[in-house]
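Chain letters run A, B, ... following the sequence lines, proteins first and then strands; every chain starts at 1. Below, each value reflects all heavy atoms present in this structure, side chains not excepted, and no hydrogens, waters or symmetry copies.
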Amino acid sequence: MKFVSFREEHTSMYKVVPPTVNLRDLEHEVLALWQAEGTFAASMAQSQGRPTWTFYEGPPTANGAPGTHHIEARAFKDIFPRYRTMKGYHVVRQAGWDCHGLPVELAVEKELGFSGKKDIENYGVAEFNAKCRESVVRHVDAFTELTTRMGYWVDMDRAYWTMDSNYIQSVWWSLKQIFNAGLLVQDHRVSPYCPRCGTGLSDHELAQGYEDVSDPSVYVRFPVKVGALAEKYSDLSLLVWTTTPWTLVSNTAVAVKPTATYCVLESADQHYIVAQDLIENLFGSPIDEDGSIRYQVKETFPGTQLEHMAYKRPFDLIDIPDSHFVILADYVTTGDGTGLVHQAPAFGADDLISCRAYGLPVVNPIAPDGTFLPEIPLVGGQFFKKADAALTDDLRERGLLFREESYEHSYPHCWRCHTPLIYYAQPSWYIKTTAIKDRLMAENEKTHWHPDTIKWGRYGDWLTNNVDWALSRNRYWGTPLPIWRCENEHLTIVESLAELGELAGQEISDLDPHRPFIDDITIPCPHCDATAVRVPEVIDCWYDSGAMPFAAQWYPQHNKENFAAQYPADFVCEAIDQTRGWFYTLMAIGTLVFDESSYKNVVCLGHILDEDGRKMSKHLGNVLEPIPLMDQHGADAVRWFMLASGSPWQSRRVGHTAIADIVRKNLLTYWNTVSFLSLYARSAPWSPADGAPPVNERPIMDRWLLTQAHSLSAQVDNALENFDTQLGGRLITEFIDDLSNWYVRRTRRRFWEGEPAALATLHEALKIVTLCMAPYTPFITERVWQDLFRETQPDLPNSVHLADWPSESQPDSQLQSDMELARRVTELGRSARATSSVKTRQPLGRALISAPGWSELSAELVAEVAEELNVRELLTLDVSDSDLVSISLKPNFRTLGARFGKQTPLIAEHISRQDPTELVSALRDIGKVDYEIDGVDGTSTIELSDLVITETPVEGWAVAADAGESFALDLEITHELALAGMARDIVRSLQEGRKNAGLEISDRINVTWSSDNPDVVETLSFHGGEISNEVLALSLTKVPEVITGFTVFGTESEIDANFGIEKA
RNA sequence: GGGCCCAUAGCUCAGCUUGGUUAGAGCGCUUCCCUGAUAAGGAAGAGGUCGAUGGUUCAAGUCCAUCUGGGCCCA
């Protein structure tokens, strides 16, 4: 495609906008422009002093390369700050990087080929942590590149790093607040632990290592020792099921469900206590095949009645004082097993919680290497899983084994060495979040969730079942827990290096607060004369990120005022997996430290899947690399996909076709409209400074387009205010379609003529839609702003991203609904044309239209429809002219149903039996008709609105009808119409000839023609002026035979003539 | 094993809050039309038991229950 060239005196202030565009190149040019002009900084400076709208960036963990899913969250994190900035707010956007934690350590261990803590200790903690730090910096670079490339405006120069000394000290300060409130304590916790590697594992690792195994499944009798039931029934036992016989050594209690029904059952002279729901599973049918009674239920009672019932434990191998009775626990189910659950609190998280509620001790006979302690009889020194056989044998010999099976299930294994993991109680530091549960619930109540089902669904459930936060990790690369302990168990917590230095009597303000350096600092215990050393743990890195509202400001040592102005956030946004992650830690820490949640609005996104609906993973090889994806389609298109294709809250499939579609449908259509304006404004030439008639004096199409544009800005404003990017996107797409395929299509001719009203209208409409799109697609809109607006309207800002949201004005809803009607009628007209097989270029004389409201439409609007359909006259079909019209009726169930309820079908049937013409005439004359209908009480009154009427002309016309509106086309082609049709055919042929000859749109031509066809001769003589005008011909000359001009094209069979075109 | 979300055309998705008798859009497919911005546009057509079953209702894609399948989170 060639660019249009212009003579010097024809330049307007618009830049040349080529009709084709390479979005990738365009985006890189825009990035360079923003860089050169410091646009983001200008936007921040310009909004300084305005009301703040606060956004918190959830820091991505810098432990790997960013993926396409990061574009999703970042598109949302970008659009709302941009939108709010346009709405007059100052939106601080500080980037952040999550630096600590097991994911980083694991990545480094992998790089170094390590297989556990021993390797790290041998390598040296200082060296290892240095590698972690280096790995973080490396991965942050990749995130920075992604962030810049996609146009996510966030202040990366002032980014917070959770490994920064000031950040860590801020975290320490908050921990001290919590500690002082008595909510930070040391306790036991059960966590998955690899006995071979000697380390606990995170949930993330756990998920990678499930393997299917076959374990023993044993049912064991626990004899009941004392109490009323034990006296009443001989040999009474609790029947208990477990798949981990090795934990029976540590049996501490038996749990039952308080609300379930239990019973005493007699079978073969033995008595058992089991859940009633499970009797048949355990004992089979009550009646044997030969009719004898197998067992008998003696009595039933609720689980609560068993509480505190003492029993004889299965093994007396280790000492567990004050234990061995029945406790109540809600988590017990009666879906499998016996309904009585063996409790070993050292090896089960649920067990630990339930047993702790009864003050039971936690006794752990397993050494850190996974073997039973050597002094224990029977199993001492055995690996825990290997002990199952010996223990089961022993139970069998003592007659306590009721049944023995094997059980297939998935069990977590170490993903590195495939050793079965052990759930293992270890001392651990906790934040007692359960103590502030009510406050958390109250804060959640005030929070606006999008979608709101999360609030009391997934997230609310999580809060309701809140457990204390296990804060500590026995690891290396993390924020050290700032607690020093002396041999007398006195605890001292510090809030800063300054405080620590004072206590230690050393100047350490420049000390790296990480391990191992911090571990070397000892202090004299303030409570006694012993020396206190730091406890070895680091903290959960989720605490780091949850502390960012204040830690990012290095509060309270720095930025006290800033912090107050920016707490809590108006907006946070992450994917749904953060409900229990960052969304929780943010709210919990905010509530713990400031008694107020850290955010007011939260947008919770669904996950991104591949084209086949599978999760993207390196393992499956279906990962979409983000930068190549954006370079292929453009970041704007990818952003648009994330923001507006499908529900953001739902998991969505992302694929090339969907994104390519966005480019074609939205971005290129928009771009071409821009190119169109530039082309004709420059051709005219015209610039906004040249002026245009006031809007109310412009043609109806102009007034309509502008009212549509104003509606658009109001509706998109409303959608984004409610965090609904999908709706906003749909509205913009519809507008672009209206603009390109209705307004420009209908108005094209006025642009050829360089009409200021049309140019000014399109200019203004493009400005509004450009502003509305700017937060979605910051690149293409910026380029358009530079090309169409920056030069032509010097009073406007230098960047679309420095502009305000378009001001609102009252839309003309009458005009909008009139246009909708006109467009519906146009559609019917096109349909009628298509069925008639008379081509659109052939003018027709008249059409009859029946549609409510049609007769009230302005002549100007009717003329638009007539021209679009190439029909001379559009008449209203007169219903009273019953020779021409046939009427069909359908009952309107919506209005009838509301009035008649159950009797609706009777009324509807009655209506459809009436003569349609008579009924409609009567209703139009009188307004209502009364019927007496069988089965319906009293008189039934029918009104016009109770009917859906379709009026169609009788035979001989080409008809299209839909939903009560119809269009009938008179197909008679008079000689005069035929000539007019031929004239248009000739124009089209000549235009094509011009195009083939490569002429510019403004080139003038001379045309020669020859033909023996009398119709052609008549057409050219009758319509010659019109034709010349259309094709910019200075002359239209008949010649005996065609002279070879600039170009010659072949004979059109229908026209039967030869033409020659020559550039004038 | 528990909780939450989802299921609509060959594909990607609207519609469900507030029930109304012809369930839409885009892509793809077939035929035709139109084309001095457009990688466009228009018309017609093929393509749907709205996951299944039951219920509520005069009326269910829409409300309720159960089930099946998929996803996520947690064990």
Side-chain angles (χ1 to χ4, degrees), chain A residues 1 4 17-21 203 206 331 333 335-336 348-350 409 412 451 453-454 457-462 465 575-577 579-581 606-607 609 611 613-615 641 645-647 649-655 657-658 660-665 668-680 726-727 730 733-734 737 740-742 744-745 748 751-752 826-827 829-835 837-841 868 870 890-898 900-908 948 960 962-963 987-988 990-992 994-995 999-1003 1030-1032:
Chain A
M1 173 70 70
V4 179
V17 179
T20 56
V21 62
D203 293 349
L206 199 63
Y331 81 88
T333 64
D336 52 16
D350 286 328
H409 65 142
T453 49
I454 307 276
R458 185 179 281 213
Y459 189 75
D461 285 346
W462 167 247
N465 299 313
I576 189 157
D577 51 292
T579 41
R580 291 166 186 215
H607 284 121
L609 307 173
E611 272 187 303
R614 296 173 306 176
K615 202 173 165 180
F641 176 86
S645 273
S647 292
W649 342 119
Q650 243 166 272
S651 52
R652 290 177 292 165
R653 301 176 182 203
V654 52
T657 37
D661 210 41
I662 288 164
V663 172
R664 257 186 323 117
K665 194 88 184 86
L668 292 184
T669 307
Y670 165 70
W671 179 262
N672 281 306
T673 310
V674 168
S675 169
F676 179 88
L677 173 62
S678 159
L679 180 67
Y680 288 104
Q726 186 191 17
L727 175 60
R730 204 176 71 216
T733 302
E734 280 166 11
D737 189 60
S740 170
N741 293 322
W742 182 244
V744 171
R745 176 190 169 86
R748 207 175 278 169
F751 287 91
W752 301 346
T826 301
E827 248 174 67
R830 283 180 186 144
S831 177
R833 273 256 176 205
T835 46
S837 76
V838 177
K839 58 189 173 185
T840 313
R841 270 204 305 279
E868 174 67 20
N870 202 14
K890 278 188 357 186
N892 179 354
F893 280 89
R894 189 186 284 271
T895 59
L896 292 174
F900 296 104
K902 280 192 181 189
Q903 290 158 337
T904 306
L906 292 172
I907 310 271
V948 177
D962 187 46
V987 167
R988 202 195 91 69
L990 289 170
Q991 299 290 29
E992 198 169 302
R994 283 185 60 113
K995 205 172 182 179
L999 295 174
E1000 312 287 358
I1001 58 155
S1002 51
D1003 284 340
E1030 284 288 305
V1031 302
L1032 302 185

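The line from CG of L677(A) to CG of N672(A) is 12.5 Å long, rounded to the nearest 0.5 Å. Taking CG from L679(A) and CH2 from W752(A), the interatomic distance works out to 12.0 Å, rounded to the nearest 0.5 Å.
Atom P of nucleotide U18(B) and atom CZ of R894(A) are separated by 14 Å, given to the nearest angstrom. With rounding to whole Å, Y459(A) atom OH is found 16 Å from C4(B) atom C1'.
When both pairing distances are held under 3.5 Å, G48(B) makes no Watson-Crick or G-U pair with any nucleotide shown. Both distances falling under 3.5 Å, in either a Watson-Crick or a G-U wobble arrangement, place A65(B) opposite U53(B). The nucleotide G41(B) finds its pairing partner in C33(B), both defining distances of the Watson-Crick or G-U wobble pair being shorter than 3.5 Å. Figure legend. G1(B) is base-paired to C74(B); pairs are counted as Watson-Crick or G-U wobble with both atom distances under 3.5 Å.
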Please step through side-chain contact (heavy atoms from CB on, under 4.5 Å) for the pair D737(A) and T669(A), ending with a clear verdict. CA-CA 8 Å; D737(A) 189 60; T669(A) 307; over 6 Å; no
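Nucleic acid contact for V663(A): none, since no nucleic acid atom lies under 4.0 Å from a heavy atom of the residue. S740(A) comes within 4.0 angstrom of a nucleotide base, judged by non-hydrogen atoms across all strands. Among the protein residues, V17(A) comes within range of no part of the nucleic acid, since none of its heavy atoms lies under 4.0 Å from any strand. Contacts of Q903(A) with the nucleic acid, taken as non-hydrogen atoms under 4.0 Å apart, are absent. Among the heavy atoms of the strands, none lies under 4.0 Å from W649(A). Using a 4.0 Å heavy-atom criterion, one finds that T895(A) contacts no nucleic acid atom at all.
Put simply, R748(A) has a side-chain N or O that comes within less than 4.0 Å of OP1 or OP2 on A37(B). The shortest distance between the side-chain N/O atoms of K665(A) and the OP1/OP2 oxygens of U12(B) is not below 4.0 Å. The side chain of R830(A) contributes no N or O atom lying less than 4.0 Å from OP1 or OP2 of C33(B).
At a threshold of 4.5 Å between non-hydrogen side-chain atoms, the residues W671(A) and V17(A) count as touching. Under the 4.5 Å side-chain criterion, counting only non-hydrogen atoms from C-beta, I454(A) is not in contact with W649(A).
Set against C58(B), G26(B), A39(B), the side chain of L668(A) has A39(B) as its closest nucleotide.
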